[in-house]
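Values below: all heavy atoms of this structure, side chains included; hydrogens, waters and symmetry mates excluded.
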Amino acid sequence: MNDLWLFLKLYRQYQGMLSLGIILAIVTLLASLSLLSLSGWFITATAIAGLTFTTAQTFNFFTPGAGVRGFSIARTAARYAERLVSHDATFRLLSGLRSWFFSRLIPISQEQLGQYRKGELLDRLVADIDALDQLYLRLISPLLSALMVTMLFSLFLWFFSPTVAMVAFVVMILWIVSMPLLFYVLGRKTGESMGGRQARLRQQVLDYLQGMAEQQIYGSDANSRSVIAGSEQALIKDQSRMAALEGLGSALFVSGSGAAALLVLYIASSEMAIGVVSGPVMVMMVFGMLASFEALMPLPLAFQFLSHTRHAASRLHKVVSTPTVHFPDIASNLSVSGEIQFNNVACGYSHGQEIITQLSLTIPAGSHVALLGKTGCGKSTLIKLLSRGLEPLSGQVCIDQQDIHRFSEQELYRTITFVPQKTHVFSATLRENLKLAAPLATDEELMNVVRISGLDRLAAARNGESGLLDTWLGQGGIALSGGEQRRLAIARAMLKASPILVMDEPGEGLDIQSEQTLMDTVLSKFRESTVIMITHKTTTLGKMDQVYRMENGSLMKL
Amino acid sequence: MLLGLLSGIFLIVQASILASMIHQLVMENATREMLNHDFLLILLLVIIRGVCAWGREFCGFRAGASVRVEVRKLLLDKLRRLGPLVIGEKPAGSWSAIAVEQVEELQEFVAKYLPQMVLAVSIPAIMLVVAFPESWVVGIIFLGTAPLIPTFMILVGIKAAQANRKNFQALSRLGGFFLDRLQGLETLKLFHRTRFAEEQLSGASEDFRVKTMEVLRLAFLSSTVLEFFASVSIALVAVFLGMSFLGHLTFGGEVTLYTGLFLLLLAPEYYQPLRELGTYYHAKAKAVGATEEILAVLSREEPEVHRGGLIIPSETPLTIEVRALSVFASVKTEVEPEASACQKNSNQYLLDQLSFTIKPGSRVGIVGSSGAGKTTLINTLMGFWNYQGDILVAGQSLAATDLDSWRKEIAWLGQHPLIIHGTVYDNIAFGRAVTPDQCLKALEKAQGLDILERLPAGLDSSLQEQGGNLSVGQAQRIALARALVMPVRLLVLDEPTASLDSASETLVLDALSAIPRDCTVITITHRINQLTVMDQILMLDKGRLVADGSPSSLVEGNPQFQQFVSMYSGSLDNE
């Protein structure tokens, strides 16, 4: 439950809208209730009055008639306004929640974040956030409205008959308390195992599809399919339990509203017999009771949904409470010449053994260095140390004799330009993808970089050079090939002049010729800067001042 | 659905009894005691309606569940026939999302929306039939709004579906935007652009909110009109009846309090089914989206299966003779019509007139740059792809051979080891009747016995998703054990060491070199050092066979092979 509170606090920002939504929901329900009750009263009263001519003539039908019309209009208008306001509030919440979550993710270290990047975990996080913004519409608003309507309706009945009011109040409150509790308790266990079973089915289908080649070669197709069918049946069994529960909810609602109205009639009729209430008032009570159940209808479903939301909240909470990387706020020194030092650095990932042991290396300012090594020897780990994606277990990493822990975030990333091994192509235009590195760059500068990095070849297959910067990349646009992604990453780097350039496998996916041309361009652009290039290929080593070979976490000068 | 209808009829009876009770109590001064049996009757009706509601929910669920099971079976069958090559076009996750999640989306539509459609028409119709004899004026009030019901079903149906679709699109686009930025968070950090992305994100959300609200304003209007008619008809009924009782209105005949209350009780229920239908629109919108994706899979063209009935004779040596083998890319072209139009002609060759012979027991290396057709060649040999020309295995045409019988002779190991959810035993046996002892022997042959020492329960230890508790090297050795557990006469390896570190690579290569000489081994590889042990090398370039011979003869006499060797020897991974 604590996890939910954390998110409820975020709701405070939108208090005004949210309260307005709830008030409108209550107004709608009350108008609807009043419409039916008043109509019931009106018909009965006129029927009695119509028995004799005089009472029929003197009966004031204007006021109730106007009331009936008024309530019918009010109900319509309030419902419309309520839907608009509550949806608007939900959208605001959604945007607020996402921004909040994103800002909380930023300082989390790369290593911690890495575990969420795998597979569909990230998708699930996004779905979890969606679940949370439904909290208001599905849970809070119905619950508060139900409570308010119960209070007001009972209060209203109190003026006519305290006994009936008490009965109505007790019935409704019992409903409000017991239904959520019942459905929360009943729904929770099935809900949880349903989640697990759905995950298992997904896993097995995934296994089946991924292993289709093996399946067919080893002739185990029927076997896998029967396993999948078994999981499906298990899931359906859980779901059918859930559906039965849902059915129970609507059954209880149908029976409950009818029985409650009947109970009110039963008691009110005896009150009428002793003259406490009149006939029309009794009818009004019965109709009111029937109508007021409209307010209680969404409750069972809302609480079945609660356990789902709670899990979403606790997963998100776990993510945002992972350790973060701290950067000092104040800049330590301003101009950096670019000398890099690793002093007895050892590091490894939180699970498993050390990847780098006692590594010491000094790279003088302005020199170009290559780190050579086989796949998986820990080269990329060195980059993570420099970007503070990974903290050393011991030793320090210094730039210009300063521990990089003393650099502010802005300063560090201004000092070092990274070409990471994997390029993320944002779902945006080429311009936006490049401007990431240089927000102030003009189109001319961008085109220049596009040309020298060879990205203009993208245009060959498309509509000429003119619209090139507006070409949409990534999801929903052109998918870049591995080589094109490298070019994009290098183009980004070339837009951002800095004293240090670090590249991880910059030539991957490029043929030897293009790789060499591209490297020449980059190295001449960063002539004055310190350059570290990590590679497993020997093709471009000739241009480097110094080459180190990395093996089993230690370095050898070549 | 029938239960829903029944429930509707009971509701009318219940309203009638309730109205008559009140009538008797108020107008005829009946005492409560006189009506006891009526109280009990209503109580019974109320309970029966509850049971109906429950049964309706449950029957709906069963219908939805059986539809899902059926559709999922269709999908999986289709995917099986499409085969691993088509599945490989997209990440397996996106296929499984269709087969699992999208199929689930059909549930609400079948279980709730469809029956509600019928109820939304039939219940008001029954009520009209009941209402007219009681008071034709009220009947007309009901009927006057009734033609609006089909109109609204169409109007609300189209409008709300449109609005809903836009709403969903906007939401999913926003979701995609958010996901994209989350995935690129590291890049944003390295360029110190996180604050900017944050602003962009809230800007985009705000933008979506404003646009979506415009759409919703319209969408809600249509349901509001329905609400309006429901409210107004209650008001009209009440006012008309009141006026009649008072004698101000004389048309419409005599009405009693019973009639009045009965009709008033029916009025809100008259519109209720239609209003409920409105709440299931999202189910419909989702189902429509899901159906589109499901149909896209189901309507895909299947590769023609060449399935003969011949059985591979076990005593004939397994010579593979390939004559003028050509393979076309036609199966793949329909994925993206645009891309295929400019990139692939529908009849482009993947393999062009290949001819070669592989002797039983030989070690064959297939080399070539990426896209040369190496994987296509082995997929064709394994019977996953349709071809032209001739492939003769053990002297008989592959096209005339029963695929299952052919595949019994083959084992296969890919670049990325497949680890399924289950125990080590499950992963090695892979659904075949294999004893644990045989598994252990296979694991020993695959140099993988040390893996068991680290696992808590030996062969019965469960492996995590995608081999989470295994290294890639260990996973590959388990996959190798899977390939070796049954004796085969052809082993096909697709870059078996491409994703391995040097230590695991050595282990895997050792295991492969110990494979008995009566088994043919075909290996796709990039690593020059692995080529020297081969008896025969096939080099492909753009679908054509450009070199065929022993490594030593090719190094001396084939310029294309020489160039290949010089290009790849620059990589440290080859040492």
Side-chain angles (χ1 to χ4, degrees), chain A residues 39 42-43 46-47 50 56 59 65 68-69 72 75-76 79-80 83 87-88 91 95 98-99 102-103 106 126 202-203 205-207 209-213 217-218 220 223 236 243 246-247 250-251 254-255 258-259 262 269-270 279 283 374 376 410 413 418 424 426-427 436-437 536-539, chain B residues 22 25-26 32 42 46-47 49-50 53-54 57-58 61 65 84 87 92 95-96 99-100 175 178-180 184 187 190-194 198 201-202 205 209 213 216 220 224 227-228 231-232 235 238-239 241-242 245-247 257 260 264 407 410 412 418 420-421 430-431 501 570-573:
Chain A
S39 300
F42 183 63
I43 291 181
T46 49
F59 188 83
V68 167
R69 282 185 302 251
S72 75
R75 176 170 105 156
T76 313
R79 170 86 70 195
Y80 184 61
R83 295 187 80 176
H87 278 78
D88 193 60
F91 278 118
S95 121
R98 288 192 163 162
S99 302
F102 191 74
S103 69
I106 290 171
V126 174
R202 188 188 304 125
Q203 186 58 48
V205 169
L206 197 65
D207 278 349
L209 294 175
Q210 271 175 340
M212 189 61 84
I217 289 170
Y218 301 138
S220 52
N223 188 55
I236 284 176
E246 229 173 275
S250 61
V254 167
S255 306
L262 200 64
S269 62
S270 76
V283 175
K374 287 191 183 180
Q410 192 187 1
Y413 294 135
F418 291 94
H424 183 79
F426 286 95
S427 164
L436 179 79
H536 72 279
K537 291 204 267 189
T538 49
T539 34
Chain B
I22 295 173
L25 281 169
V26 176
R32 194 172 74 182
I42 291 194
V46 156
I47 291 169
R49 284 185 56 225
W54 183 83
E57 194 85 38
F58 199 73
F61 172 78
I87 292 172
W95 295 113
S96 77
V100 180
F178 183 53
L179 188 64
D180 184 50
T187 310
L190 292 181
F191 285 102
H192 198 61
R193 298 284 283 163
T194 43
E198 215 180 317
L201 192 68
S202 62
S205 303
R209 181 182 68 82
M213 282 316 290
L216 286 184
F220 289 157
T224 304
E227 184 89 22
F228 174 75
S231 302
V232 163
V239 171
L241 290 168
F245 288 141
L246 293 176
L257 179 61
L264 192 63
R407 285 176 181 157
I410 317 178
W412 177 76
L418 172 85
I420 56 166
H421 222 69
F430 215 75
D501 59 274
S571 169
L572 265 196
D573 288 344

Asker: Between Ser220(A) (side chain only) and Phe430(B) (backbone N and O only), is there a donor and an acceptor less than 3.5 Å apart?
Answerer: yes

Asker: Between Val100(B) and chain A, which part of the residue has a heavy atom less than 4.5 Å away: side chain, backbone, both or neither?
Answerer: side chain

Asker: Identify which part of Phe58(B) has an atom lying under 4.5 Å from any heavy atom of chain A, answering side chain, backbone, both or neither.
Answerer: side chain

Asker: What part of Arg49(B) lies closer than 4.5 angstrom to a heavy atom of chain A: side chain, backbone, both or neither?
Answerer: both

Asker: Rounded at 0.5 Å granularity, tell me how far CG in Leu264(B) sits from CD1 in Ile43(A).
Answerer: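 If we round to the nearest 0.5 Å, Leu264(B):CG and Ile43(A):CD1 are 4.0 Å apart.
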
Asker: Could you give the distance from OG1 (Thr46(A)) to CG (Leu257(B)), rounded to the nearest 0.5 Å?
Answerer: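 Result: 8.0 Å between the selected atoms.
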
Asker: Would you call the rings of Phe426(A) and His424(A) parallel, tilted or perpendicular, where under 30° means parallel and over 60° means perpendicular?
Answerer: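 If you compare the ring of Phe426(A) with that of His424(A), the planes turn out perpendicular.
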
Asker: Side chain, backbone, both or neither: which part of Ala99(B) has a heavy atom under 4.5 Å from chain A?
Answerer: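 The side chain, not the backbone.
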
Asker: Which of the residues Gly260(B), Gly242(B), Ala65(B) is involved in the greatest number of heavy-atom pairs with chain A at under 4.5 angstrom?
Answerer: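 Heavy-atom pair counts peak at Gly242(B).
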
Asker: State whether the side chain of Tyr218(A) and the backbone N or O of Trp412(B) hold a donor-acceptor pair below 3.5 Å, judged by distance alone.
Answerer: yes

Asker: Given a strict heavy-atom distance threshold of 4.5 Å, which part of Arg83(A) is in contact with chain B: side chain, backbone, both, or neither?
Answerer: both

Asker: For chain B, which candidate among Ala213(A), Ala243(A), Gly211(A), Gly279(A) shows the most heavy-atom pairs at distances under 4.5 Å?
Answerer: Ala213(A)

Asker: As an exercise: rank Ile236(A), Val283(A), Ile217(A), Asn223(A) by heavy-atom pairs under 4.5 Å with chain B and give me the winner.
Answerer: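 It is Ile217(A).
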
Asker: Please report the interatomic distance OG1(Thr194(B)) to OH(Tyr413(A)), rounded to the nearest 0.5 Å.
Answerer: 9.0 Å

